[in-house]
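Protein chains get the first letters and strands the later ones, always in sequence-line order, with residue 1 at the start of each.
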Amino acid sequence: MKAFRRFASRVAPLDRANIDTDAIIPKQFLKSIRRSGFGPYLFDEWRYLDRGEPDMDCSYRPLNPDFVLNQPCYFRARILLTRENFGCGSSREHAPWALADYGFRVIIAPSFADIFYNNCFKNGILPIVLDAEIVDRLFEQAGPGVDLTVDLETQTIATHYGDKIHFEIDPSRKYRLLNGLDDIGLTLQHADKIRAYEASRRQTAPWLFPEYA
Amino acid sequence: MAAKTLYDKLWDDHVVYSEPDGSTLIYIDRHLIHEVTSPQAFEGLRLAGRKPWRVTANLATADHNVPTAEREHGLSDPISRLQVETLDRNCADFGITEFGMNDDRQGIVHVIGPEQGATLPGTTIVCGDSHTSTHGAFGALAFGIGTSEVEHVLATQCLVQKKAKNMLVKVEGQLGQGVTAKDIVLAVIGRIGTAGGTGYTIEFAGSAIRSLSMEGRMTVCNMAIEAGARAGLVAVDEVTIAYLKDRPYAPKGNLWDKAVAAWRQLRSDEGAVFDKVVEIDAAAINPQVTWGTSPELVLPIDTAIPNPERETDPVKRESMKRALQYMDLKPGTAITDIRVDKIFIGSCTNARIEDLRAAAEVVRGHKLASNIKQALVVPGSGLVKRQAEQEGLDRIFREAGFEWRDPGCSMCLAMNADRLEPGERCASTSNRNFEGRQGYGGRTHLVSPAMAAAAGIYGHFVDIRQLPSPASEPKKAPAKKAPAKTAAASRTKSAAAVKTSKPAPTTRNQSARKRKSEQ
């Protein structure tokens with residue numbers, strides 16, 4: 001996984017609440033057995049005027065000019081600003097894969113759906129929860145030429161207007177993201193503890209281990 | 001010792017190791033696998049040279065992509081076929097038990113787990129699917145995970161988690177006639193919102209929950225995720241134990257007795273503290289219908305579409321306006337005036353035998369209204385399908401004009417050929433009404449199986465409480481005619497001839513408009 005330390009970019013304001021994972025990446029693209037290549041289909045139903053299908057060449061598709069990511073000033077935005085309960089719905093990791101493949105590294109919202117929030121960290125995306133009032137202010141400020149700088153080490157966002165905004169994050173998630181660590185590798189360092197747990201569970205709940213019965 | 005909630009007990013029982021900041025390695029007893037969220041996980045295992053930690057803890061089936069008709073010809077969509085074949089190959093390579101597409105036991109992963117007794121009380125159950133919350137109905141801690149976590153569970157039999165908070169949703173009292181588990185959970189979501197349960201595990205309790213069958217409890221827990229909670233729970237009782245006895249994967253003999261003794265402890269202790277409590281009066285719940293593009297945009301059947309201008313929160317107001325535009329609905333329209341094009345009876349929410357029985361009860365002796373373009377019944381598993389056929393339910397549906405299909409996720413998320421076309425409106429027993437969920441441009445209204453069936457017969461939503469029960473006298477029927485433009489009215493006559501008149505329900509009264517958005 002890509003490590004995340006400090007990141008500066010244009011911020012794209014996507015002003016909707018409850019954006020679900022079906023909207024982030026529609027179901028027809030979930031048929032892929034790969035982990036990459038979802039970026040062109042990110043927000044497919046909002047971004048394009050036609051109906052998207054897997055393996056389409058998106059460079060020929062008609063763009064929806066009203067959709068924020070299609071506005072030239074946000075072409076290179078890699079920070080997404082949005083509203084509450086972002087990523088609700090399905091557990092599909094294709095949603096953060098599509099966001100990451102498009103190039104987003106940071107998503108700022110007043111709240112996230114739990115599974116989506118968790119999935120972001122597995123893909124080098126930093127989801128940042130801020131108070132609704134601060135998010136309102138960032139929406140007011142967002143526009144052409146407005147960048148944000150996010151520093152994970154110090155847990156701060158520096159705005160274009162000179163503000164410093166602090167954000168919270170779990171120490172263990174921060175550590176893993178800062179160092180781009182492989183979760184499975186870390187867990188396997190505790191293999192002895194897992195085996196010990198299984199041994200005791202076989203005593204207390206033997207019906208869960210029919211293979212050893 | 002401090003009183004514990006059911007969630008506290010399940011959590012404590014599965015802790016392998018805790019970090020000082022609360023990040024905890026928890027052990028996973030059962031991992032369910034399907035074709036959509038697993039290929040990249042197996043690929044990850046292979047690339048890292050890893051093997052599944054405990055092969056027998058896994059159970060797989062293909063459900064999201066599979067066709068529900070003409071299955072003997074296999075999958076015609078090459079991309080779907082590759083995904084299903086990839087699951088077959090991965091399971092074969094790693095020695096994981098899989099119910100293949102033509103196995104009788106194949107079905108929606110959340111239907112087959114309980115049906116096989118693979119879902120057991122006191123266990124942790126995960127799957128790369130958010131509706132894994134379904135299994136919480138058995139007093140199991142069950143939740144959806146992403147593909148990276150699927151790989152993590154395969155490789156380590158554990159997950160790194162932080163403990164959620166405890167929420168109690170207490171539904172006390174007796175449900176009205178025609179009001180189902182689906183209506184309970186839609187009413188809960190209407191009350192607390194789609195983010196109301198975020199960060200919580202919800203325990204559903206109270207006399208109305210205890211009086212539900214296991215199937216009803218599964219419907220309720222299934223949609224906990226639609227309230228934002230990764231996991232829903234119902235305490236174990238005799239209903240749970242009776243359901244599991246003699247299921248293929250359930251323990252037998254001496255082990256069964258030991259297991260049952262342990263399972264009986266799986267309830268929240270007297271005096272256990274919840275971070276949040278929501279109380280709901282079961283008797284006040286009416287049949288529910290969603291009208292927007294989020295499950296929280298839901299109303300009782302006897303109300304009308306709300307006016308966004310009366311919403312004071314600007315973000316909510318915008319969401320409502322956008323939903324009305326997408327759904328092509330106007331404020332003030334009575335729910336019972338909404339006409340539908342398609343009917344979908346199926347999904348992990350409502351495709352078990354009791355759901356099919358409830359729908360068939362409404363359909364029996366009637367025909368689909370002429371404006372219904374398609375009505376699908378998709379059983380949750382091959383075994384549900386077989387049971388329904390033994391009871392003659394397939395005949396009831398077919399005679400009414402419904403299509404009787406093979407098991408799978410089908411039009412719940414439209415990954416296979418079953419879908420809405422742009423602008424089509426569907427009465428659906430599934431769980432999500434998001435934009436495009438059932439097909440590009442499709443419009444979804446979530447309802448119970450009986451309500452979906454009735455919408456098929458009348459061509460628009462009706463209050464099933466106003467339909468005469470099969471036992472009552474058919475002549476006492478309608479106070480008002482069905483819309484004259486539909487063939488429904490004329491068919492009423494022929495239906496009446498076989499002593500099962502098709503009454504037009506008394507709806508659309510003036511007061512419905514006044515009562516709108518009271519909940």
Most contact-rich option vs chain A, by heavy-atom pairs under 4.5 angstrom, among Pro251(B), Ser148(B), Ser23(B), Pro39(B), is Ser148(B)
Answer key: most heavy-atom pairs under 4.5 Å with chain A among Arg230(B), Lys258(B), Lys252(B) is Arg230(B)
With only heavy atoms counted, which part of [X] is less than 4.5 Å from chain A, the side chain, the backbone, both or neither?
{"X": "Arg432(B)", "answer": "side chain"}
{"X": "Glu151(B)", "answer": "both"}
{"X": "Ser319(B)", "answer": "side chain"}
{"X": "Asp77(B)", "answer": "side chain"}
{"X": "Ile145(B)", "answer": "backbone"}
{"X": "Lys316(B)", "answer": "neither"}
{"X": "Val36(B)", "answer": "both"}
{"X": "Gln438(B)", "answer": "backbone"}
{"X": "Ile225(B)", "answer": "side chain"}
{"X": "His14(B)", "answer": "both"}
{"X": "Thr86(B)", "answer": "side chain"}
{"X": "Val15(B)", "answer": "backbone"}
{"X": "Glu318(B)", "answer": "neither"}

Contact origin within [X] toward chain B - heavy atom pairs under 4.5 Å:
{"X": "Ala196(A)", "result": "neither"}
{"X": "Asn119(A)", "result": "side chain"}
{"X": "Asp44(A)", "result": "neither"}
{"X": "Pro171(A)", "result": "both"}
{"X": "Ser111(A)", "result": "neither"}

Should the pair Asp183(A)-Arg173(A) be classified as a salt bridge under the 4.0 Å nitrogen-to-oxygen rule? no
Could you check whether Arg176(A) pairs with Glu19(B) (Lys NZ or Arg NE/NH1/NH2 to Asp/Glu carboxylate O, under 4.0 Å)? no
Interface check, chain B: of Asn85(A), Ile184(A), Thr204(A), most non-hydrogen pairs under 4.5 Å belong to Ile184(A)
Ranked by heavy-atom pairs below 4.5 Å to chain B, first place among Glu84(A), Arg34(A), His190(A) goes to His190(A)
Would you check if the side chain of Arg47(A) reaches a backbone N or O of Leu42(A) as a donor-acceptor pair within less than 3.5 Å? yes
Checklist entry - Are the side chain of Glu296(B) and the backbone N or O of Ile189(B) linked by a donor-acceptor pair below 3.5 Å? => result no
Rounding to 0.5 Å, atoms OH (Tyr117(A)) and CD1 (Ile125(A)) come to a distance of 12.5 Å
Next item on the list: Verify whether the ring centers belonging to Phe29(A) and Phe38(A) lie closer than 6.0 Å.
Entry: no
Filtered by a 4.5 Å non-hydrogen cutoff, the part of residues 44-53 of chain B contacting chain A is Arg50(B), Trp53(B)
